[in-house]
Amino acid sequence: MSKLFRAVIMGPPGSGKGTISERIAHSFGLKHLSSGDFVRENIAAKTEAGVQAKTYIKKGLLVPDHVMTRLLLPRLEEMTKYSWLLDGFPRTLAQAEALNSACDLDVAINLNIPLETLKERLRHRWIHPPSGRVYNMCFNPPRVQGIDDITGEPLIQQEDDRPEALVARLRHYKDVAKPVTDFYKAKGILYTFSDTETDRIWPYINTLLSTKIPTIQSDARCASTH
Ligand SMILES: Nc1nc2c(ncn2[C@@H]2O[C@H](COP(=O)(O)OP(=O)(O)O)[C@@H](O)[C@H]2O)c(=O)[nH]1
Ligand SMILES: Nc1ncnc2c1ncn2[C@@H]1O[C@H](COP(=O)(O)OP(=O)(O)O)[C@@H](O)[C@H]1O
């Protein structure tokens, strides 16, 4: 039986985690697990964790570690049979340590994207909340402006992508990310990619994962969640 593959992808808001995760999920048959999607699902379902999370997101802050781990770790327990890529978790050292106690990771991908690029991208990001599909009015626009390609439903701009919340989010990210990348560097599994364009980063990630991912068992393969 081939070993299951477990990876995380890190990077500031707008660095392309979601976009690259979709490509990885598609190319390598991993399950794409997005912490942002889990948070939004909980907000929509008005769970206790969701109600708590909403107050922080509105202010452009990270959701506290204990809320995040309570929301996320049970979801990982449902995934023991699958190879997965976790997008957006961990963002703090406490989260990385909690994840480390729950499972062994093979690879941590770190996206290093200039600040101006991030601001520009997020200004143009629109999403379809029910599916989590992400568009960019320049990079990958929907076929009809403001409308989801698949369902025809309206797109929205997330509360936390608005300029007021954005600068606080980016600043906060920098402060908490360094101990996490240091943690994975010390474990020898950190791979950092720097560029302003996803299309230039993608071939390097593709090559890395081609060498790391064993032939995935057919029953462990599954489509991405989107
Ligand atoms: N212009 C441009 N936009 C991109 C690129 N890669 C991703 N995007 C867009 O930038 C926004 C942020 O990307 P996303 O994958 O959601 O980033 P995340 O916040 O790290 O998950 C989305 O609207 C993407 O469509 C790129 O190389 N160039
Ligand atoms: N691991 C996490 N720890 C704390 N907060 C999180 C985490 N993942 C997601 N969130 C919260 O959910 C929001 C949306 O997450 P996400 O969709 O990953 O967006 P982005 O990558 O643009 O920040 C974040 O801005 C943050 O407030």
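Order of appearance sets the numbers: ligands from 1, and atoms from 1 within every ligand.
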*Got the closest protein heavy atom to atom 12 (C) of ligand 1, with its distance?*
G14 CA, 3.6 Å

*asked:* If I take atom CG from residue L72 and atom CG from residue N42, how far apart are they, to the nearest 0.5 angstrom?
replied: 10.0 Å

*Quick one: do D148 and R133 make a salt bridge, cutoff under 4.0 Å?*
yes

*Would you mind telling me if ligand 1 is within reach of the side chain of S21, the backbone, both or neither, using heavy atoms under 4.0 Å?*
neither

*Got the closest protein heavy atom to atom 24 (C) of ligand 1, with its distance?*
T19 OG1, 3.8 Å

*What is the distance from atom CZ of F5 to atom CG of L105, rounded to the nearest 0.5 Å?*
9.0 Å

*asked:* At less than 4.0 angstrom from any non-hydrogen atom of L62, what atoms of ligand 2 do you find?
replied: 4 (C), 5 (N), 27 (O)

*List the closest protein heavy-atom neighbour of atom 1 (N) of ligand 1: residue, atom name, distance to the nearest 0.1 Å.*
F139 CB, 3.6 Å

*Can you list the ligand 2 atoms lying under 4.0 Å from a non-hydrogen atom of G36?*
15 (O), 16 (P), 17 (O), 18 (O)

_Show me which atoms of ligand 1 lie under 4.0 Å from any heavy atom of P12._
20 (O)

*Any N/O pair G16/ligand 1 closer than 3.5 Å*: yes

*Just which atoms of ligand 2 are under 4.0 Å from any heavy atom in S35?*
7 (C), 8 (N), 9 (C)

_Are more than 12 heavy atoms, taken from residues, nucleotides or ligands other than E48, located less than 6.0 Å from that residue's CD atom?_
no

*Taking atom CG of D149 as the centre, does the number of heavy atoms from other residues, nucleotides or ligands within less than 6.0 Å exceed 12?*
yes

*Could you pull out the closest heavy-atom pair between P90 and L99, with the gap in Å?*
CD-CD2, 3.9 Å

*Check whether any N or O atom of P90, backbone or side chain, sits under 3.5 Å from an N or O atom of ligand 2, and answer yes or no.*
no

*Mark up the atoms of ligand 2 that fall under 4.0 Å of a heavy atom belonging to K17, in ascending order.*
21 (O)

*What's the spacing between Q95 CD and L73 CG if we round to 0.5 Å?*
9.0 Å

*Under 4.0 Å from any heavy atom of G18, which atoms of ligand 1 are there?*
15 (O), 18 (P), 21 (O)

*Applying a strict 4.0 Å limit to heavy atoms, is G11 in contact with ligand 1?*
no

*Find the distance between CE (M137) and CG (L155) and round it off to the nearest 0.5 Å.*
5.5 Å

*Which heavy-atom pair separates H32 from G18 by the least distance, and what is that distance?*
CE1-O, 4.1 Å

*V134, any N or O under 3.5 Å of ligand 1 N or O*: no

_Closest candidate by heavy atom, reference atom 7 (C) of ligand 2, pool Q158, R125, R121, M68_ = M68

_If we set the cut-off at 4.0 Å for heavy atoms, which region of T198 has an atom near ligand 1: side chain, backbone, both, or neither?_
both

_Verdict with reasoning, K3 to D104, per salt bridge (Lys or Arg N to Asp or Glu O under 4.0 Å)_ = CA-CA 12 Å; K3 182 183 171 298; D104 284 328; over 6 Å; no

*Closest protein heavy atom to atom 23 (O) of ligand 1, given as residue, atom name and distance to 0.1 Å*: Y135 O, 3.0 Å

*With side chains defined as the heavy atoms from C-beta onward, is the minimum distance between Y204 and D195 less than 4.5 Å?*
no

*If you draw a 6.0 Å radius around CD in E78, do more than 12 non-hydrogen atoms from other residues or ligands fall strictly inside?*
yes

*Is there a salt bridge (Lys or Arg N to Asp or Glu O under 4.0 Å) between R6 and D106 once you walk through the steps?*
CA-CA 5 Å; R6 301 278 151 79; D106 299 290; over 6 Å; no

*Would you mind checking if E120 and R125 are paired as a salt bridge, meaning a charged N to carboxylate O distance below 4.0 Å?*
no

*asked:* Applying a heavy-atom cut-off of 4.0 Å, say which part of N140 lies close to ligand 1: side chain, backbone, both or neither.
replied: side chain

*Select the closest option to atom 11 (C) of ligand 1 among R133, M10, R125, judged by heavy-atom distance.*
R125

*asked:* Considering both backbone and side-chain atoms of H124, is one of its nitrogen or oxygen atoms within less than 3.5 Å of a nitrogen or oxygen in ligand 1?
replied: no

*Supply the atom-to-atom distance L190 CG to D182 CG, rounded to the nearest 0.5 angstrom.*
8.5 Å

*asked:* To the nearest 0.5 Å, what is the distance between NZ on K212 and OH on Y191?
replied: 3.0 Å

*Just jot down the ligand 2 atoms closer than 4.0 angstrom to any heavy atom of Q95, in number order.*
1 (N), 2 (C), 3 (N), 4 (C)

_Does only the side chain of P13 get under 4.0 Å from ligand 1, or the backbone, or both, or neither? Count heavy atoms._
backbone

*What protein heavy atom is closest to atom 9 (C) of ligand 1, reported as residue, atom name and distance in Å?*
N136 ND2, 3.5 Å

*asked:* At less than 4.0 angstrom from any non-hydrogen atom of P13, what atoms of ligand 2 do you find?
replied: 20 (P), 21 (O), 22 (O), 23 (O)

_Suppose I only count heavy atoms of E197 and a 4.0 Å limit; which atoms of ligand 1 are within that range?_
26 (C), 27 (O), 28 (N)

*asked:* Show the atoms of ligand 2 that are less than 4.0 angstrom away from any heavy atom in R40.
replied: 14 (C), 17 (O)

_So for ligand 2, is G88 a polar contact partner (N or O within less than 3.5 Å, distance only)?_
yes

_Minimum-distance protein heavy atom relative to atom 10 (O) of ligand 1_ = R121 CD, 3.3 Å

*Given that the side chain starts at C-beta and the backbone is N, CA, C, O, which of these parts of W126 lies under 4.0 Å from ligand 1, counting heavy atoms, or is it both or neither?*
neither

